[in-house]
There are 2 protein chains.
Amino acid sequence: MSLVSSLLQQAKDSGLRRTKALEALFTCLTTCDRPMTLNEFTTCNHLASQCDKATVFRLLQKLCDKGMVRRLGLHERAAYFTLILPDQHRDYLICTECGSIEPINAPCPVHKLQEEIRKETGFTNLYHELEFFGHCPKCSKS
Amino acid sequence: MSLVSSLLQQAKDSGLRRTKALEALFTCLTTCDRPMTLNEFTTCNHLASQCDKATVFRLLQKLCDKGMVRRLGLHERAAYFTLILPDQHRDYLICTECGSIEPINAPCPVHKLQEEIRKETGFTNLYHELEFFGHCPKCSKS
DNA sequence: GCTTTTTGTGCAATTTTTTTGCATTAAAAG
DNA sequence: CTTTTAATGCAAAAAAATTGCACAAAAAGC
Ligand SMILES: [Mn+2]
Ligand SMILES: [Mn+2]
Ligand SMILES: [Zn+2]
Ligand SMILES: [Zn+2]
């Protein structure tokens with residue numbers, strides 16, 4: 001069973017319908033596999049001419065609600081969206097000059113603090129977003 | 001010498017002029033002392049009727065360039081801005097239901113990783129943004 | 001002080017991004 | 001197949017970010 005199929009199943013289980021647009025969006029999310037803006041999604045070949053921007057917007061919104069997609073604020077004017085895969089947690093390294101976005105391989109160092117926060121504050125559904133910003137070697141030179 | 005005065009001096013040293021608008025903005029940034037959106041700034045008593053929104057926008061932009069203000073993407077549609085004080089590093093805890101934003105007191109656990117990233121990637125001007133999101137106790141109940 | 005030069009400001013307009021209304025279509029349920 | 005309910009396209013609106021330009025204010029030079 002392909003990843004897209006299992007995502008469609010997971011979506012269905014949480015109340016969404018199996019539509020052409022959703023399948024195309026999952027294909028895009030899994031094959032492009034990087035945070036993208038709404039505009040990038042709608043102009044990506046996987047989605048272009050498959051469905052309208054408003055549809056992509058509403059699907060991303062629903063998938064965020066279901067916890068299948070994460071919305072990231074990466075210092076660009078537009079919001080970024082990325083698939084949440086089980087056993088995958090990603091922090092990012094972003095060049096504020098050229099805009100490159102790279103996931104970080106090293107293990108995330110904040111889970112312990114997150115647990116402390118959960119206990120001390122009583123917050124539920126806790127998660128975090130960690131991004132490093134700077135100038136990449138290429139942009140540092142020029 | 002007040003904090004506002006020293007900020008004005010610091011701004012002047014890096015090329016900005018000492019204007020009424022800048023002083024009002026620094027007063028706002030220091031007394032309100034929390035991340036705020038452009039709209040919040042312009043409607044705050046410290047700035048309202050003191051200057052135009054475009055002016056605040058351009059000042060915040062310049063202060064970001066000078067490294068005196070930080071732009072935060074806190075999952076709202078609008079960007080947040082907050083003063084960078086020396087010896088002050090803040091991570092945030094945000095309720096995605098009611099929108100409350102609280103700085104975290106615990107020491108930040110990512111500096112070590114940041115150093116590793118600097119060495120391994122060659123990034124310069126490195127900094128990070130760490131936010132925890134969840135439902136606060138109040139919002140968890142309802 | 002006064003004059004020149006440079007930067008900042010207000011206001012309106014524009015651009016970009018996000019969001020919604022509504023008539024229609026497609027999916028799921030019966 | 002029929003009914004019910006959710007999803008979609010299209011266009012329009014709302015919200016946020018950004019800019020152009022004439023004028024005002026600050027700093028620099030005298
Ligand atoms: Mn992390
Ligand atoms: Mn931190
Ligand atoms: Zn770069
Ligand atoms: Zn709350």
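Here the structure is a predicted model, which is why all the values come from computation and not from measurement.
Under the 4.5 Å side-chain criterion, counting only non-hydrogen atoms from C-beta, L47(B) is in contact with L25(B). Contact annotation: the side chain of E129(A) never approaches that of L130(B) to less than 4.5 Å [non-hydrogen atoms, C-beta and beyond]. With a 4.5 Å cut-off on side-chain heavy atoms, E40(A) and Y80(A) count as touching. Annotation: side chain of F81(B) is not in contact with side chain of L72(B) (no heavy-atom distance under 4.5 Å). Looking at heavy atoms from C-beta onward, M68(A) lies in side-chain contact with F26(A) at the 4.5 angstrom threshold.
The pair D52(A)-R58(A) does not count as a salt bridge, with every side-chain nitrogen at least 4.0 angstrom from each carboxylate oxygen. Looking at E115(A) and K112(A), no side-chain N of the basic residue comes within less than 4.0 Å of a carboxylate O on the acidic one, giving no salt bridge.
Contacts with DNA chain D (heavy atom under 4.0 Å) in residues 22-45 of chain B: N39(B), listed by number. Of the residues in residues 48-70 of chain B, A54(B), F57(B), R58(B) come within less than 4.0 Å of DNA chain D through at least one heavy atom, sorted by number. For DNA chain C, the residues of residues 72-83 of chain A within the heavy-atom distance limit of 4.0 Å (strictly under) are R77(A), A78(A), A79(A), sorted by number.
In this structure, H135(B) contributes its side chain and T96(B) its backbone to no donor-acceptor pair below 3.5 Å. Side chain of E131(B) to backbone of L93(B): no donor-acceptor contact under 3.5 angstrom is found.
Nearest heavy atoms, C32(A) versus C44(A): SG-SG, 3.7 Å.
For residues 101-126 of chain B, the set of pairs meeting the ring-ring contact (aromatic ring centres under 6.0 Å, His included) definition, not counting sequence neighbours, comprises H89(B)-H111(B), H111(B)-H128(B). Residue pairs meeting the side chain to side chain donor-acceptor pair (under 3.5 Å) criterion with at least one member in residues 10-25 of chain A, sequence neighbours excluded, are Q9(A)-D13(A). The list of side chain to side chain donor-acceptor pair (under 3.5 Å) pairs with a residue in residues 41-51 of chain A, not counting sequence neighbours, reads T31(A)-H46(A).
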Stepwise salt bridge (charged side-chain N to carboxylate O under 4.0 Å, His left out) check, E116(A) with K119(A)
CA-CA 5 Å; E116(A) 287 173 21; K119(A) 286 174 194 161; over 6 Å; no
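For DNA chain D, the span of nucleotides reached by chain A at under 4.0 Å from its heavy atoms goes, 5' to 3', from dT5(D) to dT18(D). Here the range on DNA chain C touched by chain B, meaning any atom under 4.0 Å from one of its heavy atoms, is dT6(C) to dT19(C).
Every residue meeting the side chain to side chain contact (heavy atoms under 4.5 Å, CB included) condition with L85(B), not counting sequence neighbours, appears here in chain and number order: L3(B), L83(B), Q88(B). Listed by chain and residue number, F133(B) satisfy the ring-ring contact (aromatic ring centres under 6.0 Å, His included) test with Y127(A) (two or more places apart in sequence, or in another chain). Residues forming a side chain to side chain contact (heavy atoms under 4.5 Å, CB included) with A78(B) (at least two apart in sequence, or on another chain): T37(B).
Note on the helix from dG1(C)-dC30(D) to dG30(C)-dC1(D): angle between the axes of the first and last five pairs equals 40°, rounded to 10 degrees.
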